[in-house]
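Notes for the one structure printed next.
Note: hydrogens, waters and symmetry copies are ignored here, and every other heavy atom, side chains too, is used.
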Amino acid sequence: MNSFSVRCIFRWDSLPDRQAAHVYEERITLWRADNASAAIELADQEADRYSSESGAEFLNCLQAYELAEPFDAHGVEVFSLLRDSDLEPPAYIGTFFDTGFERQRPA
């Protein structure tokens with residue numbers, strides 16, 4: 001199996017001390033899978049669980065990257081960033097993650 005990182009985007013509207021209308025979370029997890037589509041499916045399922053347990057809204061934005069070396073981790077969060085923004089979800093994703101200039105292929 002290969003190793004993948006998958007980035008998922010969430011929106012938090014119930015966090016205190018926010019500086020804008022919304023707080024967005026970029027969260028990256030690691031997965032062992034046969035291909036990027038399988039890694040995205042695993043991350044999608046985990047994101048749904050994370051969302052329902054935490055109260056964050058999963059925005060169904062997932063991007064996968066195949067790591068150059070195998071990694072002995074599965075379903076582990078390795079990065080999280082919170083950002084305040086007044087942008088609504090489609091504009092936020094379009095501004096920061098899907099501008100049209102990314103060199104990516106559909107899953």
Between L42 and A33, what is the shortest heavy-atom contact and its length? CD1-CB, 4.3 Å

Heavy-atom closest pair, residues V76 and A73: CG2-CB, 4.0 Å

Is there a path of hydrophobic side-chain contacts, each under 4.5 Å between heavy atoms of I, L, V, M, F, W or Y residues, that connects [X] with [Y]?
X	Y	value
F4	I40	no
V78	F71	yes
Y65	I28	yes

Evaluate the criterion side chain to side chain contact (heavy atoms under 4.5 Å, CB included) for residue pair L30 and L67; output intermediate values, then yes/no. CA-CA 9 Å; L30 296 180; L67 302 174; 4.0 Å; yes

Can you check whether [X] reaches [Y] side chain to side chain, under 4.5 Å on heavy atoms?
X	Y	value
R18	D13	yes
R27	F10	yes
F96	L87	yes
S85	H22	no

Inspect the contact between E26 and R83 and indicate whether a charged nitrogen and a carboxylate oxygen are less than 4.0 angstrom apart. no

Using only atom types and a distance under 3.5 Å, with no angle test, would you say the side chain of [X] pairs donor to acceptor with the backbone of [Y]?
X	Y	value
T95	A91	yes
D34	M1	no
D84	Q19	yes
Q63	F97	yes

Using 0.5 Å steps for rounding, measure from the [atom1] atom of [X] to the [atom2] atom of [Y].
X	Y	atom1	atom2	value
E25	I9	CD	CD1	8.5 Å
E77	C8	CD	SG	10.5 Å
E69	N2	CD	CG	11.0 Å

Output field: ring centroids W31/H74 closer than 6.0 Å: yes

Which donor-acceptor pairs under 3.5 Å do side chains of residues 54-62 form with protein atoms, sequence neighbours excluded?
residue: S54; atom: OG; partner: Y50; partner atom: O; Å: 2.7
residue: S54; atom: OG; partner: A56; partner atom: N; Å: 3.2
residue: E57; atom: OE1; partner: R11; partner atom: NE; Å: 3.0
residue: E57; atom: OE1; partner: R11; partner atom: NH2; Å: 2.6

